[in-house]
A.B. asks: 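Mind looking over this structure? Questions follow.
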Amino acid sequence: MIAVACAAAAGAASADDAPLPKIAAKKPLKVGFAQTESNNPWRLAETKSFKDVAAKCGWQMVMTDANSSAAKQVSDIRSMIAQKVDLLVFPPREEKPLAPVILEAKKAGIPVILVDRNVDQSLAVAGKDYITFIGSDFIDQGKRAADWLIKATNGNAKIIELEGSTGASAANDRKKGFDDEIASHSGMQIIASQSGDFARDKGRQVMETLLQSHPEVTAVYAHNDEMALGAIAAIKAAGKVPGKDITIVSIDGTRGALEAIKAGELGADVQSSPFFGPISCEVAEKYAKGESIGPWVKVSDKFYDKSNVDASMKDGY
């Protein structure tokens with residue numbers, strides 16, 4: 001079960017700002033869901049979560065796939081605006097490019113809920129330009145990964161960091177949370193940091209290259225499980241043993257990652273739940289009834305390591 005806690009209400013809009021659009025009181029609602037890509041288990045589980053909840057929530061889904069392109073996601077959302085959907089729900093692939101289209105939706109009278117990733121708050125503001133952001137505390141995820149790695153390595157490690165998609169709020173914040181915590185421990189050194197675009201094969205390729213230029217590496221922090229699994233493959237190909245020669249920590253909670261923990265190859269994993277369908281339905285229904293929704297509906301995340309992985313396999317996807 002995902003615990004949900006609403007943050008404090010957003011600041012009041014200025015007098016000349018248009019109010020947030022309302023959700024139409026009708027069934028079914030035509031709901032646009034603009035996915036970023038469908039090339040990994042996390043995204044597939046997120047999309048399925050919306051498909052599964054649609055009938056129960058009274059939603060008629062209009063779904064698109066941006067194929068890892070912020071520009072295509074903007075185009076997909078503009079198409080949904082032109083189709084006059086009743087509600088837009090989507091994870092912005094990048095913080096800045098997706099903010100303007102939120103303002104376009106607001107101008108067209110279409111309410112927006114962001115899930116998983118947020119946008120730059122200097123460009124579009126939660127509670128003012130869109131209803132809310134539903135998602136994890138990515139900075140805390142990075143900090144939790146760092147805390148575990150510090151303990152696991154007794155405060156002494158040479159770290160390669162595999163970053164997520166450039167410009168994504170999840171990548172930016174997971175990096176900040178991890179890097180800030182690591183910086184406070186003199187024995188912990190990030191020797192290389194490069195984007196693997198949240199993809200397994202890209203993570204493998206980047207890790208192969210970094211292993212050659214940094215053979216002294218003793219730890220890896222991956223911003224998601226797909227890159228971690230790619231890194232494990234690269235480490236094995238280099239003749240090293242993941243989990244022994246190189247300690248690895250990641251974020252997501254996929255089935256593959258939990259199995260890697262069980263096998264002793266991945267040290268620990270911070271969950272980042274993809275099951276946003278039910279929460280989005282709940283938030284939309286509350287908003288439609290006039291209930292106050294905070295600017296951030298925070299999702300709580302579990303933590304997996306060898307102590308609880310057997311009992312947690314059911315959480316994997």
A.B. asks: Flag the pair Arg93 and Asp197 as a salt bridge only when some basic side-chain nitrogen lies within less than 4.0 angstrom of an acidic carboxylate oxygen.
C.D. replies: yes

A.B. asks: If you define the side chain from C-beta out and look only at heavy atoms, does anything of Val101 sit under 4.5 Å from Ile81?
C.D. replies: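 They are in contact (side-chain heavy atoms under 4.5 Å apart), so the answer is yes.
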
A.B. asks: Looking at CZ of Phe33 and OG1 of Thr64, how far apart are the two atoms once the value is rounded to the nearest 0.5 Å?
C.D. replies: 8.5 Å

A.B. asks: Going by atom types only, do Ser122 and Asp120 share a side-chain donor-acceptor pair under 3.5 Å?
C.D. replies: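 Side chains of Ser122 and Asp120: pair found under 3.5 Å.
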
A.B. asks: Is Lys289 salt-bridged to Glu285, cutoff N-O under 4.0 Å?
C.D. replies: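 Between Glu285 and Lys289 there is no salt bridge, as every charged N stays at least 4.0 Å from the carboxylate O atoms.
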
A.B. asks: Has the side chain of Ser169 got a donor or acceptor atom that lies under 3.5 Å from a matching backbone atom of Asn118?
C.D. replies: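 Yes, because the side chain of Ser169 sits within donor-acceptor range (under 3.5 Å) of the backbone of Asn118.
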
A.B. asks: Are the side chain of Thr218 and the backbone of Lys158 linked by a donor-acceptor contact shorter than 3.5 Å?
C.D. replies: yes

A.B. asks: List the steps and the verdict of salt bridge (charged side-chain N to carboxylate O under 4.0 Å, His left out) for Arg204 and Glu208.
C.D. replies: CA-CA 6 Å; Arg204 178 188 60 78; Glu208 285 178 351; 2.8 Å; yes

A.B. asks: Measure the CD-CG distance between Gln73 and Asn67 for me, rounded to the nearest 0.5 Å.
C.D. replies: 11.0 Å

A.B. asks: Is it possible for you to say whether Leu210 and Ile182 belong to one hydrophobic cluster, with membership spreading through side-chain heavy-atom contacts below 4.5 Å?
C.D. replies: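 No, separate clusters.
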
A.B. asks: Take atom NZ of Lys240 as the centre, draw a 6.0 Å sphere, and report whether it contains more than 12 heavy atoms from other residues, nucleotides or ligands.
C.D. replies: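 Enclosed: over 12 neighbouring heavy atoms sit under 6.0 Å from NZ of Lys240.
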
A.B. asks: What verdict does the salt bridge (charged side-chain N to carboxylate O under 4.0 Å, His left out) test give for Asp137 and Arg144, after you've listed the backbone C-alpha separation in whole Å, the side-chain angles of each residue and the deciding distance to 0.1 Å?
C.D. replies: CA-CA 11 Å; Asp137 185 336; Arg144 292 170 76 186; over 6 Å; no

A.B. asks: So does Lys143 pair up with Asp180, basic N to acidic O under 4.0 Å?
C.D. replies: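 A salt bridge is absent here (no side-chain N lies under 4.0 Å from a carboxylate O).
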
A.B. asks: We want to know whether Asp301 and Ser272 form a side-chain donor-acceptor pair, criterion being a heavy-atom distance below 3.5 angstrom.
C.D. replies: no

A.B. asks: Between Ser49 and Ala45, is there a donor-acceptor pair closer than 3.5 Å when you use the side chain of the first and the backbone of the second?
C.D. replies: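 Checking the backbone N and O of Ala45 against the side chain of Ser49, no donor-acceptor pair under 3.5 Å is found.
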
A.B. asks: If I take atom CG from residue Leu98 and atom CZ from residue Arg117, how far apart are they, to the nearest 0.5 angstrom?
C.D. replies: 9.5 Å

A.B. asks: How are the rings of Phe50 and Trp59 set relative to one another: parallel (under 30°), tilted (30 to 60°) or perpendicular (over 60°)?
C.D. replies: parallel

A.B. asks: What ring pair (Phe, Tyr, Trp, His ring centres under 6.0 Å) pairs are there with at least one residue in residues 152-185, not counting sequence neighbours?
C.D. replies: Phe178-Tyr221

A.B. asks: Has Lys72 got a side-chain atom pairing as donor or acceptor with Asp65's backbone, closer than 3.5 angstrom?
C.D. replies: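 Yes; at least one donor-acceptor contact below 3.5 Å.
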
A.B. asks: Does either side chain, that of Glu94 or that of Ser165, offer a donor lying less than 3.5 Å from an acceptor on the other one?
C.D. replies: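 No, no side-chain donor-acceptor pair sits under 3.5 Å.
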
A.B. asks: Treating Asp225 as the side-chain partner and Gly253 as the backbone partner, does any N or O pair qualify as donor plus acceptor under 3.5 Å?
C.D. replies: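 Checked: pair present.
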
A.B. asks: Can you tell me if Asp305 uses its side chain to pair, donor with acceptor, with the backbone of Ser307 under 3.5 Å?
C.D. replies: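 Present.
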
A.B. asks: How about Gln271 and Asp315: does a side-chain donor come under 3.5 Å of a side-chain acceptor?
C.D. replies: no

A.B. asks: Is a side-chain donor or acceptor of Asn224 paired with a backbone partner of Ile251 at a separation under 3.5 angstrom?
C.D. replies: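 Absent.
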
A.B. asks: Between the side chains of Gln205 and Thr209, does any donor sit under 3.5 Å from an acceptor?
C.D. replies: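 No donor-acceptor contact under 3.5 Å links the two side chains.
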
A.B. asks: Please examine the side chains of Ile248 and Ile235, heavy atoms only from C-beta on, and report whether any two atoms are closer than 4.5 Å.
C.D. replies: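 Ile235 reaches Ile248 side chain to side chain.
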
